[in-house]
Amino acid sequence: MFHRALQGFIEVVCGSMFSGKTEELVRRCKRAQIGRQKVQVFKPRIDDRYSKDHVQSHDANRLPSIAVDNSRQILDLVDDNTRVVGIDEAQFFDDGVVEVANKLAYRGMRVIVAGLDMDFRGQPFGPMPKLLAVAEAVTKLSAVCVVCGSPASRTQRTVGNLEPNSTVAVGAKEMYEARCRFCHEPETHGQK
Ligand SMILES: [Zn+2]
């Protein structure tokens with residue numbers, strides 16, 4: 001097999017909401033751009049909190065991005081001369097995103113994946129556990145627990161289910177807050 005380049009690898013940046021995952025993804029991508037590396041960022045179309053063609057952290061640090069309907073489209077849209085592929089909100093992708101990330105890494109690309117490692121129930125979220133397993137490097141970021149001030153690893157939903165049993169409730173960060181393991185209440189809406 002011919003390897004065009006041997007430096008391809010996968011990095012995962014994960015953590016709860018408000019832990020700065022997208023900020024970190026944007027920081028890494030901008031740093032690569034300064035190094036004149038071509039960067040493409042993808043996100044699932046479901047995440048249109050802010051805009052359709054930008055990845056935007058909660059701190060309004062923007063980076064152009066491409067919204068796709070499924071992970072397969074990432075492979076179709078990655079250019080041959082791209083060096084760094086960012087994948088934001090990866091928890092919302094189908095399981096195929098794992099193979100996509102692996103393929104891109106084998107093609108010599110640096111793949112930076114950002115996503116929620118756990119849903120608001122504290123359960124592993126979508127394809128994230130598999131992405132964490134195949135990654136060369138993992139960064140777990142923490143937020144600050146709004147109850148006790150400890151480092152927060154979990155996301156608390158603070159309102160009732162709008163869609164019963166749905167883990168996909170995009171759009172309202174007011175519906176969530178960061179909590180540590182001990183203050184997180186997966187079975188309630190966090191009314192203390
Ligand atoms: Zn706490």
Side-chain angles (χ1 to χ4, degrees), residues 9-31 41-51 54-63 65 86-95 97-98 101 111-192:
F9 55 93
I10 301 172
E11 303 164 30
V12 174
V13 178
C14 65
S16 66
M17 284 180 72
F18 313 104
S19 63
K21 298 179 298 299
T22 298
E23 247 181 295
E24 179 60 18
L25 173 72
V26 169
R27 187 188 74 81
R28 293 184 190 189
C29 289
K30 288 204 161 164
R31 198 165 140 267
V41 180
F42 298 89
K43 62 179 181 178
R45 197 176 300 283
I46 193 168
D47 180 57
D48 51 10
R49 265 181 295 194
Y50 299 103
S51 77
H54 287 85
V55 163
Q56 189 170 13
S57 74
H58 295 286
D59 295 293
N61 203 354
R62 292 159 71 94
L63 192 71
S65 73
I87 302 176
D88 199 22
E89 302 285 0
Q91 74 276 1
F92 291 134
F93 274 108
D94 53 283
D95 267 5
V97 73
V98 182
V111 183
I112 310 173
V113 178
L116 289 163
D117 45 4
M118 285 177 272
D119 64 20
F120 68 89
R121 295 183 183 87
Q123 297 300 310
F125 206 151
M128 291 301 290
K130 289 178 181 166
L131 287 165
L132 288 162
V134 300
E136 271 83 357
V138 171
T139 304
K140 274 215 178 204
L141 299 175
S142 58
V144 173
C145 176
V146 299
V147 177
C148 75
S150 297
S153 55
R154 270 115 172 118
T155 303
Q156 178 73 49
R157 184 182 265 195
T158 54
V159 299
N161 283 353
L162 300 179
E163 315 143 71
N165 297 318
S166 174
T167 52
V168 182
V170 187
K173 72 177 194 183
E174 309 76 43
M175 289 170 52
Y176 299 95
E177 60 191 28
R179 301 249 184 127
C180 72
R181 173 188 293 278
F182 298 101
C183 298
H184 183 239
E185 296 177 294
E187 301 309 323
T188 73
H189 304 130
Q191 310 306 328
K192 285 238 167 217

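Both counts, for ligands and for their atoms, begin at 1 and track the order of listing.
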Partner residues of Ala152 under the side chain to side chain contact (heavy atoms under 4.5 Å, CB included) criterion, sequence neighbours left out
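For Ala152, the residues satisfying side chain to side chain contact (heavy atoms under 4.5 Å, CB included) (neighbours in sequence not counted) are Ala143, Cys145, Ala178.
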
If I only include protein atoms of type N, O or S, how many are less than 2.8 Å from the Zn ion (ligand 1)?
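Counting protein N, O and S atoms closer than 2.8 Å to the Zn ion (ligand 1) gives 4.
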
For Val146, give me all partners under side chain to side chain contact (heavy atoms under 4.5 Å, CB included), at least two apart in sequence or on another chain.
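Testing Val146 for side chain to side chain contact (heavy atoms under 4.5 Å, CB included), a comparison that skips the adjacent residues, returns Glu177, Arg179.
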
Under 30°, 30 to 60°, or over 60°: which ring-plane class applies to Phe92 and Phe125, parallel, tilted or perpendicular?
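Geometry flag for Phe125 against Phe92: perpendicular rings.
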
Could you check whether Glu23 pairs with Arg27 (Lys NZ or Arg NE/NH1/NH2 to Asp/Glu carboxylate O, under 4.0 Å)?
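Judged by the 4.0 Å cut-off on N to carboxylate O distance, Glu23 and Arg27 do not form a salt bridge.
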
Side chain to side chain donor-acceptor pair (under 3.5 Å) with Ser150: which residues, sequence neighbours excluded?
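Ser150 satisfies side chain to side chain donor-acceptor pair (under 3.5 Å) with no residue once adjacent residues are dropped.
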
Taking all atoms of both residues into account, what is the closest heavy-atom pair of His184 and Thr155, and its distance?
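Nearest pair, atom of His184 first, then Thr155: NE2-O, 3.2 Å.
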
